[in-house]
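The basis for the numbers below is simple: all heavy atoms, side chains too, and nothing from hydrogens, waters or symmetry mates. Not measured: the values here are computed from a predicted model.
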Amino acid sequence: MPNVIEITDFNAPELDVYARLTEAQLLNRQDPKNAMFIAESPKVIHRALDFGCVPVSMLMERRHAEAQAQEVIARCGDIPVFTSELEVLTRITGFKLTRGVLCAMRRPPEPAAEDICRSARRVAVLENIMNPTNLGAIFRSAAALGVDAVLLTPACTDPLYRRCVRVSMGTVFQVPWAYIGEDVGDWPQAGLERLRSMGFRTAAMALSEDSVSIDDPGLMAEEKLAIVLGTEGDGLCERTVADCDYTVKIPMSHGVDSLNVAAAGAVAFWQLCR
């Protein structure tokens with residue numbers, strides 16, 4: 001049976017995970033076994049549970065505990081379910097709960113890049129992407145358009161940040177992902193060498209004089225391809241572009257020279273993962 005607790009004390013330590021801990025504190029690199037993340041909305045929580053994530057507690061509007069959240073509460077077992085009115089929850093979390101339900105969960109262990117890429121044909125490699133909204137959108141496109149795995153350089157933002165998880169609609173639990181390197185110095189040279197050792201040819205999404213079109217027959221025929229996307233402002237670093245096997249462009253009209261990285265990723269995935 002769920003352990004439903006009406007919130008009466010804003011300062012209760014049980015609410016720290018929702019009210020006072022930063023994303024970096026939740027990540028808790030010094031004590032990975034106790035690291036956590038926040039999943040928002042019943043759909044996202046269901047996907048995290050399907051993946052095997054362990055729930056710690058829940059926070060929701062009182063009315064949801066007896067309505068839309070009943071099924072996910074039942075799946076979480078005998079954990080604390082903190083409830084209150086929306087206005088109170090907004091004061092605690094600092095934002096309006098658009099879907100009314102949060103769940104604090106233990107972070108799953110992170111796999112090695114080689115493990116998730118062993119049977120992969122198409123992978124996305126994300127270089128230094130820091131915006132959680134863009135990262136979440138890329139994961140959603142990757143799930144929808146057939147990307148087998150996502151690899152992140154060490155400077156990327158955390159895919160389990162609350163906003164990233166929410167924007168991805170929980171697809172961060174459906175598409176395998178791993179960091180390719182532990183230190184910023186592990187990319188690009190060492191990271192690209194690891195990709196080649198796994199049998200991947202690498203395609204840098206960038207504009208240059210020697211770019212090939214995204215529908216190039218040779219590119220599309222590659223047995224194993226890593227699609228490398230760059231950060232929001234500057235795109236891929238010059239060293240990455242120079243060291244990749246292909247430089248790939250998306251043909252555009254009306255003088256537009258670039259797309260948002262999430263939009264570019266969706267186009268690339270649709271074309272190259274068929």
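Contact check for V165 versus V44: side-chain heavy atoms found under the 4.5 Å cut-off. Annotation: side chain of N3 is not in contact with side chain of I79 (no heavy-atom distance under 4.5 Å). Between R239 and D243, the closest side-chain pair of non-hydrogen atoms falls below 4.5 Å. Between N34 and R106, the closest side-chain pair of non-hydrogen atoms falls below 4.5 Å. In this structure the side chain of P111 never reaches within 4.5 angstrom of the side chain of Y179, judged on heavy atoms. Side chains of C76 and L49 form a contact here, defined as non-hydrogen atoms less than 4.5 Å apart. Residues N260 and N134 are in side-chain contact: their nearest non-hydrogen atoms beyond the backbone lie under 4.5 Å apart. Contact annotation: the side chain of R201 never approaches that of R196 to less than 4.5 Å [non-hydrogen atoms, C-beta and beyond].
For the residue pair G136 and V167, the shortest heavy atom distance occurs at C-CG1, 3.9 Å. A pairwise comparison of heavy atoms in P251 and I214 identifies CD-CG2, 4.2 Å as the closest pair. Taking all atoms of both residues into account, the shortest heavy-atom contact from A137 to A262 is CB-CB, 3.8 Å. Of all heavy-atom pairs between A65 and Q70, the closest is O-CG, 3.5 Å. Of all non-hydrogen atoms in M60 and A69, the two that sit nearest each other are SD-CB, 3.8 Å. Summarising the geometry of C117 relative to V123, their closest heavy-atom pair is SG-CG1, 3.9 Å, with the distance given to 0.1 Å.
With a 6.0 Å radius and a threshold of 12 heavy atoms from other residues, nucleotides or ligands, D234 has its CG atom at or below the threshold. Crowding of E238 atom CD: a count of heavy atoms from other residues, nucleotides or ligands under 6.0 Å not exceeding 12.
Between the side chain of E127 and the main chain of C237, a donor-acceptor pair closer than 3.5 Å is present. When atom types are taken as modelled, the side chain of T202 and the backbone of D245 share a donor-acceptor pair closer than 3.5 angstrom. Using a distance-only test at 3.5 Å, with no hydrogens or angles considered, a donor-acceptor pair links the side chain of Y18 to the main chain of A104. A distance-only check finds no donor-acceptor pair linking the side chain of T83 to the backbone of E61 [under 3.5 Å]. Using a distance-only test at 3.5 Å, with no hydrogens or angles considered, no donor-acceptor pair links the side chain of W177 to the main chain of L152. Proximity of a side-chain donor or acceptor of R47 to a complementary backbone N or O of M169 within less than 3.5 Å is detected. No donor-acceptor pair under 3.5 Å is formed between the side chain of Q271 and the backbone N or O of A268. Looking at K249, its side chain never comes within 3.5 Å of a backbone N or O of D210 through a donor-acceptor pair. Under a 3.5 Å cut-off, the side chain of D148 and the backbone N or O of R122 do form a donor-acceptor pair. The main-chain N or O of D183 is found under 3.5 Å from a side-chain atom of D186 such that the two form a donor-acceptor pair.
Residues F173 and F37 bring their aromatic ring centres within 6.0 Å.
The CE atom of M205 sits 9.0 Å away from the CG atom of L259 when rounded to the nearest 0.5 Å. A distance of 9.5 Å separates CD in E182 from CD in E110, rounded to the nearest 0.5 Å. Here M58 contributes atom CE and M105 contributes atom CE; the two are 8.0 Å apart, rounded to the nearest 0.5 Å. With rounding to the nearest 0.5 Å, the separation of CD1 in I250 from CE in M252 is 6.0 Å. For the atom pair CD1 (I129) and OG1 (T157), the distance works out to 10.5 Å, reported to the nearest 0.5 Å. Within the model, atoms CD1 of I227 and CG of L219 stand 8.0 Å from one another, a figure rounded to the nearest 0.5 Å.
Hydrophobic cluster membership is shared by L225 and V150, with clusters built from Ile, Leu, Val, Met, Phe, Trp and Tyr side chains linked at under 4.5 angstrom. Both V267 and M220 are part of a single hydrophobic cluster, where members link through side-chain heavy atoms under 4.5 Å apart. Linking ILVMFWY side-chain heavy atoms closer than 4.5 Å, directly or via other members, places L145 and L135 in a single hydrophobic cluster. Hydrophobic cluster membership differs between Y161 and F51, with clusters built from Ile, Leu, Val, Met, Phe, Trp and Tyr side chains linked at under 4.5 angstrom. Note: the hydrophobic cluster containing L272 does not contain V228 (ILVMFWY, side chain heavy atoms under 4.5 Å, direct or indirect links).
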### Evaluation steps, side chain to side chain contact (heavy atoms under 4.5 Å, CB included), between I138 and L126
CA-CA 9 Å; I138 291 170; L126 311 183; 4.0 Å; yes

### Task
Evaluate side-chain hydrogen bond (donor to acceptor under 3.5 Å, both in side chains) for Y246 paired with S211, printing each intermediate quantity in order.
CA-CA 7 Å; Y246 294 92; S211 294; over 6 Å; no

### Task
Starting from the C-alpha separation in whole Å, work towards a yes-or-no answer on side-chain hydrogen bond (donor to acceptor under 3.5 Å, both in side chains) for T133 and R163.
CA-CA 7 Å; T133 299; R163 184 167 180 79; 2.7 Å; yes

#### Entry: From CA spacing to verdict: side chain to side chain contact (heavy atoms under 4.5 Å, CB included), L195, L151
CA-CA 10 Å; L195 286 166; L151 300 176; 3.6 Å; yes

### Task
Start with the C-alpha distance between N128 and V184, add both sets of side-chain angles, then the distance that settles side chain to side chain contact (heavy atoms under 4.5 Å, CB included), and finish with yes or no.
CA-CA 9 Å; N128 304 343; V184 292; over 6 Å; no

### Task
Show your working on salt bridge (Lys or Arg N to Asp or Glu O under 4.0 Å) between E114 and R194 and close with a plain yes or no.
CA-CA 8 Å; E114 286 75 9; R194 284 177 71 181; 2.8 Å; yes

### Worked verdict on I5 versus V81 for side chain to side chain contact (heavy atoms under 4.5 Å, CB included)
CA-CA 6 Å; I5 302 169; V81 178; over 6 Å; no

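Considering P108, P132, C53 in turn, P108 is the only one that fulfils the side chain to side chain contact (heavy atoms under 4.5 Å, CB included) rule with L160.
Under a 4.0 Å N-O distance rule, the pair R162/E40 qualifies as a salt bridge.
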